Every structure is written in structure tokens, then in C-alpha cells.
Trainee: 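Quick one: structure below, then a few questions.
These values consider heavy atoms only, across backbone and side chains, with no hydrogens, waters or symmetry-generated copies. What you see is a predicted model; the values in this text were computed from it and never measured. Note that ligands are numbered from 1 as they come in the structure, with each ligand's atoms numbered from 1 the same way.
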Amino acid sequence: MRVVHSAAELAAALAGRGRVGFVPTMGNLHAGHLSLLELARRHADFSVASIFVNPLQFGAGEDFERYPRTLDADCAQLADAACDLVFAPAVSELYPVPQTFLVEPPAALANDLCGAFRPGHFAGVATVVLKLFNLVRPDIAVFGKKDYQQLAVIRGLTRQFNLPIEIVGGETARAADGLALSSRNQYLGADERPRAAQLARELAAIARTIAGGERDYPRLAHDAARRLKMAGWQVDYVAVRAAETLAEPGADDRELVTLAAARLGATRLIDNLEIRLA
Ligand code: PAF
């Protein structure tokens, strides 16, 4: 496995590689990222992972400075997982000139759910992903369903710019108690970690109740949010949406997703669960 830091080295390393599968990351890798790489490897001849903590997608007061940077450990994991190439650029390499948003994803998607609480976040994600796509030129790119709204934004990006890239969603990897794996889980205190799995349990309860025939989605979301608040969470949102558009579901929508974002102490966690109605 090679590790390159510049766009020029990347271009040279990619020459003549056949079908390229790409997994963009911000590093601090865990089993969830490695499962995305495995998916990319299955779809491609040559696998590329990027490691870049993107300043453009962090708002003021968010965790850009303290986001864990663990390049050596990440590269060791990627080498073990048979990744072919790692692109780990410095900020000045990816943003050689002062960068504002290149892309404004549709407001109805980007300003809703997480976007309502993190203004500019999805424009920052879309901008860096467009730049990375431009450099890596992948045939397929894999994004985790854990960041469900991000996946929808990236699918929209490929449509908006007519990018010939197949976007594949990878399943969320979970700890034994159901907590979705996330680099931010390590911010949780020892007393918070066992409580954190409640988020996944609330989503599973919503999914079960819907599978049992309940269709009052706002009430289900409201009840779950209330239980989380009673347990000491600060809830940004709990919602049930149409899986493809993330709009409020209509009566005919069969593919749904329930999503939540909430803070336990200082740690903001997100999670979601897909629901297919029979
Ligand atoms: O999901 C992430 O880690 C990031 O948002 C991404 C897609 C690598 C863009 O910085």
C-alpha cells in the first residue's frame, strides 16, 4: 500500500489502474470504515482511501481542532485491510487558494435534519467530495449509511454534476450493544458510553412499531425524543422520513428511514435505521 500526500503523486499512482473504488474518510478509522473499504474492493480493481479532516464542513465551535488525527494507525489498518492507495493531503494541498463553498446542495435537503443544526455542513461536505472526486476520478465511491443524510447529499451531487460515479451505501457497523460505530464515540465519558446505546434502541423501537402497523410517524418521533430527554439527552431531532428523498413520508412511501441526532453531555451522536414496509 502506498501513501501519497500530493495531487501530483496521486495522479501518478492512479495511472492505468482499471476500475477505481474510493472511500473518502476523515481518518481515525474503525471497523465501520474498514467495511466500506471491503465494499469498495469488491466493486473495483484498485482501492483508494482518502484521509482528510475537512475544515470546510465544521462550523464555529465544532470539534475541528480536537478531531482525532491518527494517520499512522489509520494507514496500518488500511494496509492490513489490503487497501491499495491512501491519499492524505494537507489542507494547503486540497485548498491551495482560500476556499468557499463550491456546491450548494438543494436547500430542502441540506438545511433540514442535521443541516438545520449545522449550517453550511453539507455544502462543506459536498465541496470537499467534489474536489476529491475530481482528483481520484473513481468509478465507484462508498459512503456509510450511518451518515444517511450525507449519502443523500452525495447522490444529489453526482446527479447535479452528471458525475459518472456509482455511489454505494455501506451498512452501519455497530458495537455489541447496538451503538453505531463513530470516531466521535471516543468523546463519550465512561459513565456516558453505556447510556449511548439508547439512541439506537429508540430507533429500533420506532421501526418495530411501524412494522407493527403504526403510521403516526410524528407521534412516534415525539415519544422517542421525550424518552431521550428524560434520560438526559439534548435532542436535535428524531424523525421518520422517506428513505430516498428524506422528505416527510407520504401515505404511499414504502421505503422509510428513522433518523436521530442528540447530544449526550458534550458528544453529538447521530444514527438511523431503514424501514421497509411490506
Ligand atoms: O463522512 C466523512 O468522514 C466526511 O464527511 C467525508 C465524506 C470524508 C467528507 O469530508
Trainee: Donor-acceptor pairs under 3.5 angstrom involving side-chain atoms of residues 22-34: please list them, not counting sequence neighbours.
Mentor:
| residue | atom | partner | partner atom | Å |
| --- | --- | --- | --- | --- |
| Thr25 | OG1 | Gly27 | N | 3.0 |
| Thr25 | OG1 | Ser50 | O | 2.8 |
| Asn28 | OD1 | Gln186 | NE2 | 2.6 |
| Asn28 | ND2 | Thr70 | OG1 | 3.3 |
| His30 | ND1 | Gly32 | N | 3.0 |
| His33 | ND1 | His30 | N | 3.1 |

Trainee: Counting each atom of ligand 1 from 1 as listed, which ones have a heavy atom of Thr25 under 4.0 Å away?
Mentor: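 Per the distance check, 8 (C).
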
Trainee: Quick one, Asn54 with Tyr67, criterion side chain to side chain donor-acceptor pair (under 3.5 Å). Give me CA distance, side-chain angles, the key distance, then yes/no.
Mentor: CA-CA 10 Å; Asn54 172 33; Tyr67 198 88; over 6 Å; no

Trainee: Atom 10 (O) of ligand 1: which protein heavy atom is closest, and how many Å away?
Mentor: Gln57 OE1, 2.6 Å

Trainee: Heavy-atom contacts with Pro24 under 4.0 Å: which atoms of ligand 1 show up? List them by number with element.
Mentor: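 Near Pro24, meaning under 4.0 Å from one of its heavy atoms, ligand 1 has 8 (C).
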
Trainee: To check your reading of the model: name the closest protein heavy atom to atom 5 (O) of ligand 1, its residue, and the distance in Å.
Mentor: Gln150 OE1, 2.7 Å

Trainee: Are Arg66 and Tyr187 in a cation-pi setup, meaning NZ or CZ lies under 6.0 angstrom from the ring centre and within 45 degrees of the ring axis?
Mentor: yes

Trainee: Within ligand 1, which atoms have a heavy atom of Val128 less than 4.0 Å away?
Mentor: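 Answer for ligand 1: 9 (C), 10 (O).
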
Trainee: Linking directly or through intermediates, with side-chain heavy atoms under 4.5 Å: list the remaining ILVMFWY members grouped with Phe122, chain and number order.
Mentor: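 Members alongside Phe122: Leu109, Leu113, Phe117, Tyr148, Val153, Tyr237, Leu246, Val257, Leu259.
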
Trainee: Go through His43 and Glu166 one step at a time and tell me if the side-chain contact (heavy atoms from CB on, under 4.5 Å) criterion holds.
Mentor: CA-CA 10 Å; His43 282 79; Glu166 183 189 346; 4.2 Å; yes

